[in-house]
Asks: 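Quick one: structure below, then a few questions.
In this text, all values refer to a predicted model and were calculated from it rather than measured experimentally. Keep in mind that the numbers below use all heavy atoms, side chains included, and drop hydrogens, waters and symmetry copies.
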Amino acid sequence: MATDPDTTAARDGRSSYDYTRDEETPDELAALSRLVGGEVRFDEYSKQLYATDASAYEMTPIGVVFPTSTRDVQTVMRHCSDHGIPVLPRGGGTSLAGQAVNEAVVLDFTRHMDGVLEIDPDAGRARAEVGVYLGDLNAKLAAHDLKFAPDPAWGDKSALGGAIGNNSTGSHSLKYGKTDAYIEECEVVLADGTLATFGELTLEELDERADPDGELIERIHAEVRRIVEEEADAVEEAYPNLKRNVSGYNLDMLIEEARGADDTEGGSVNLARLLAGSEGTLAIVTEAEVSLEPVPETKSMALLTYDDLIEAMEDVAPILEHDPSAVEVMDDVLLDLARETEEFGDVVSMLPPEASSVLLVEFYAESDAEGMEKVAGLLADRVPDAEREGEPSADRVRTDAPINATAAMEAHDHEERATFWKMRKSGLPILLSRTTDEKHISFIEDCAVPPEHLPEYASEFQEILADNGTFASIYAHAGPGVLHVRPLINTKEADGVDAMVDIADRVTDVVARLGGSVSGEHGDGRARTQWNKKLYGEHLWEVFRDLKTAFDPDWLLNPGSVCGDFDMSENLRYGPDYEFEAGFEPMLNWENDNGFQGMAELCHGCGGCRGPQETTGGVMCPTFRASEEEITSTRGRANALRQAMSGDLPDGEALSEEFLSEVMDLCIGCKGCAKDCPSEVDMAKLKVELTHEHHQRNGANLRSRLFANVDTLSKLGSATAPVSNWLPELPGARLAMEKTVGIARERTLPAFHRETLVDWFEERGPRVSETEADRKALLFPDTYTNYNHPDVGRAAVRVLEAAGVHVAIPDGVVDSGRPPFSKGFLDVARERAEENVAALAPRIEEGWDVVVVEPSDAVMFQLDYLDLLSGDDVQRVATNTFGVMEYLNAFGLDVPEGEGSLTYHGHCHQKAMRKDLHAAAVLERAGYEVDALDSGCCGMAGSFGYEDDHYAMSRAIGSILVEQVEESSGDRVIAPGASCRTQLGDLGGEEPPHPIEVLAEGL
């Protein structure tokens, strides 16, 4: 990770968690803990966390090792070889075909072996450990205007080793091809633990190193020599002529390089490139030297619309003659789904209403003028009636294909291009958000065919789907002939599994007939290994197996993948025998299909929650970013919860003390996953359900009860101020609080004010009469604002009144219920919600708005009340409640002028509802220059950061934010959340103001 927090700093002696389930290590593996520098885990939690990847499959591994060095990898491999134990190297676990799960000892390289070791910009080379994320690698290369060219969709969460194992590519494969073209040399550990370096060899050098009766490394060279000498014709005949083929072993590149240019003598081989696409079945790569490409100067894009998908497919081949860098497709299924979403609806609405399918075409260019010229040339040829922003060159490409496109749009600047790509990338989140038993499953997703055969392929695929009573969206990489197709299948029923196999079987026949490949991007794994025999024939299947045996005589390296015995219908995550039992009746409203169960099963494993702040951005997942522990990611928690309720863990495990402590406790309720997760897994909501049920059965500790009732404590503290503020400063008081209640002694505690916001307003009264006002606002007196930060509330009143708003403090309200809700006291939270809705709904009917200063309380009204209550009144309150900065922005209210530069950290709850940028918009309108950070949670998370066993984790999360603040150009930092301001004050030395206070300065 680019941000590399000291993961031990996320724990200290007060922390009770160790990220594992207490169990004994099997005897034959116990020695590894003594021999390996990295952590070795064979507990049930760790195994279940690595039982899934981003595919439809699940298989419990033997254990997990986090190697710190190549020597650790050698030690593990030797030990496992001696005991006949399989080994599976793994990166980010983002594989879609099931190649990253197996009954094996898993090596997770992303924890420690993730360094960029050397960059040689003059040679255009870099050397890195295989656990480095591609996003982090490219971030380091950016200073040299270079990049690792293959760009898989999840590159910021995908590891270099995974890219090699998968032979990954991406949207720009038309220009760059696959990973194999960029592998120059690999350091590898062989199946017997031998360390070797694979790189380019002349055929003479290959011959010198080959001995079929020698050591393992010599036998490997001998088998490679035999394939070059005896199987070249068979390989050339059987392998498709495609830019995108990752099915089977990479023998086509081997033979091509061995024969040399124009079939002349003097070719070479590179065993490192032979490992590309081998899915960890031949050797374990620990380091790789890769070649690099220059970052293009600029880009331009065109978006072409069509009446139907087949007409779009017919246009791909002529478009390719214009030499684009990418050609992407979206069909009517995806466009219709996108139109219905809040996030993508506005983007898709820019298309003509009749558009059924679109092709997105991108060009690389040396200048903006050249980019505009290339787009103009494309439009002149393929959409001649369209208006063009530029003029095509005199020697532009002209094709004689029929005109299919109905309209076109252009994008030349960064913002416009980002909008186009946003629409293209809208597909996966929509497809993966289903909580029904039917899921859009990746099992025949990325077949590749020559682009000229795309119309026939798409048509036949749709017929096969219809024959099986299902459908799929068709989208993605049309340029190289790779269409992403995820059929909607219910694998919990035997008929669904049968349909899955039938679709895969028949589509494989179509692909083979059209000269294509079963996998053009995502590999073989459990989904497609069995089809390699049909694709390549019996003879090459045996060649694959001979090569595997030469590298791995005992078949210990990820056995079964590429040329093994995987059956795509076995080891499904959701199979006909799958059962789910929550063990309790959920208390909240679950409007999604299948309710609580549907949400618990929603995570598909893409690893989006594992992305670093620098390259991924967004909020989730703060605890993973601080600890780099799978169990602290949304994916880890979701998997563990589902496994606990479906029999993979012991009965009742989900409500055990250990599960609540190790799995759920470090979810800080930031709600980031509800927005940033492609499937929108709402882990915060799942956690409070589980915590509530645990309280019901086992009771709650004193600290949880105190924080749940912080409003009562604050009322007492305010009534006794300033004495209440002196008490924590007495000698020994902080240590006593930590020992008795569990409040971290290092924390700055909120100060209480004798005069609350309510007291102040009652004495002062409103300054804008109701008859003079443009709007009427009830300023809700949340706990923090009323008792601890009344100055922020006073600033809100002044700014609102300056904008012509009649302000009042509502009668009959209690605290928002946020503290008890967050602590899992849902019955208490519901009671408070009922009181507030009863008090506010009638006032809203009279024309009042509800305004809240504290973001988490505003979101409590806007979102969480809908989970606690039902009916028109709560809907009315949710719809008419606003954060104070949102209120100013939503209604375009006048704000005082100001000047200066500000660094703005938005609250994570507001980010989850896409409301965080209101503050930046208002401040910019007022005249400020605002750097709105793409930041995550501050780590304070209400009471979380005050708790002694969470203090170290809170600081580790907060340090990521502090680093962003320090890198910002703003003169002052602002943050709307009281917790955020406390955290920044504790870590940075000065507590920043609320944005409303900055506005008030201008009055």
Side-chain angles (χ1 to χ4, degrees), residues 47 50-64 76-77 80-81 83-91 93-108 161-162 164-167 189-192 223 246-251 274-285 441-445 491 497 500-501 504-505 508 518-519 522-536 538 540-573 575 605:
K47 289 191 293 185
Y50 286 83
T52 58
D53 53 9
S55 73
Y57 296 94
E58 178 172 331
M59 198 167 189
T60 306
I62 296 168
V64 186
V76 171
M77 195 66 248
C80 290
S81 178
H83 291 82
I85 300 170
V87 176
L88 168 62
R90 173 165 156 147
T94 60
S95 299
L96 288 165
Q99 58 266 57
V101 296
N102 212 330
E103 188 177 352
V105 172
V106 174
L107 300 176
D108 182 347
I164 295 171
N166 224 46
N167 203 3
V189 173
L190 301 178
D192 63 353
E223 179 60 19
V246 298
S247 292
Y249 287 124
N250 204 20
L251 300 186
L274 182 60
L275 299 181
S278 66
E279 301 181 359
T281 62
L282 300 181
I284 301 172
V285 182
I441 299 176
S442 171
F443 65 93
I444 197 73
E445 177 192 30
T491 57
V497 177
M500 183 175 75
V501 175
D505 191 10
T508 299
V518 176
S519 177
H522 296 146
D524 296 324
R526 297 185 174 277
R528 287 186 282 265
T529 286
Q530 74 186 77
W531 306 115
N532 280 336
K533 186 183 294 186
K534 175 179 285 193
L535 181 67
Y536 291 116
E538 190 75 40
L540 279 186
W541 175 262
E542 292 303 325
V543 172
F544 291 166
R545 293 174 68 84
D546 290 342
L547 181 66
K548 164 70 173 173
T549 301
F551 271 89
D552 182 15
D554 298 318
W555 284 52
L556 296 178
L557 291 170
N558 198 12
S561 202
V562 183
C563 59
D565 57 355
F566 284 167
D567 183 331
M568 70 173 298
S569 65
E570 296 179 350
N571 300 113
L572 291 166
R573 190 186 305 190

Asks: Which atom pair, heavy atoms only, marks the closest approach of Thr281 to Ser278?
Replies: OG1-O, 2.6 Å
Asks: Could you pull out the closest heavy-atom pair between Lys548 and Leu557, with the gap in Å?
Replies: NZ-O, 2.7 Å
Asks: Kindly give the heavy-atom pair with the smallest separation between Phe544 and Cys563, and that separation in Å.
Replies: CB-CB, 3.7 Å
Asks: Among all residues two or more places apart in sequence or in another chain, which pass the side chain to side chain donor-acceptor pair (under 3.5 Å) test with Asn250?
Replies: Asp180
Asks: Set out, in order, the CA-CA distance, both residues' side-chain angles and the distance that settles side chain to side chain contact (heavy atoms under 4.5 Å, CB included) for Phe551 and Glu223, then state yes or no.
Replies: CA-CA 9 Å; Phe551 271 89; Glu223 179 60 19; over 6 Å; no
Asks: Could you go through the side chain to side chain donor-acceptor pair (under 3.5 Å) check for Asn558 and Gln99 one step at a time?
Replies: CA-CA 8 Å; Asn558 198 12; Gln99 58 266 57; over 6 Å; no
Asks: Applying the side-chain contact (heavy atoms from CB on, under 4.5 Å) criterion to Val101, which one of Glu58, Arg573, Arg90 satisfies it?
Replies: Arg90
Asks: Show the nearest heavy-atom pair for residues Ala283 and Leu275, with the distance to one decimal.
Replies: CB-CD2, 4.2 Å
Asks: Which pair of heavy atoms, one from Met568 and one from Tyr57, lies closest together, and at what distance?
Replies: O-OH, 2.7 Å
Asks: Around atom CD of Glu103, are there more than 12 heavy atoms from other residues, nucleotides or ligands closer than 6.0 Å?
Replies: no
Asks: Determine whether Lys534 and Asp505 satisfy the following criterion, side chain to side chain contact (heavy atoms under 4.5 Å, CB included), listing intermediate values before the conclusion.
Replies: CA-CA 9 Å; Lys534 175 179 285 193; Asp505 191 10; 2.2 Å; yes
Asks: Under the criterion side-chain contact (heavy atoms from CB on, under 4.5 Å), which of Asn167, Leu535, Val562 is the partner of Ser247?
Replies: Leu535
Asks: Below 4.5 Å, heavy atoms only, C-beta onward: do Leu251 and Leu274 meet side chain to side chain?
Replies: yes
Asks: Side-chain contact, heavy-atom cut-off 4.5 Å: Pro86 with Ile62?
Replies: yes
Asks: Quick check on side chain to side chain donor-acceptor pair (under 3.5 Å): which of Asn102, Asp567, Asp53 does Arg526 satisfy it with?
Replies: Asn102
Asks: For a quick test of reading the model, state the closest non-hydrogen atom pair linking Val518 to Arg528 and the distance between them.
Replies: CG1-CD, 3.1 Å
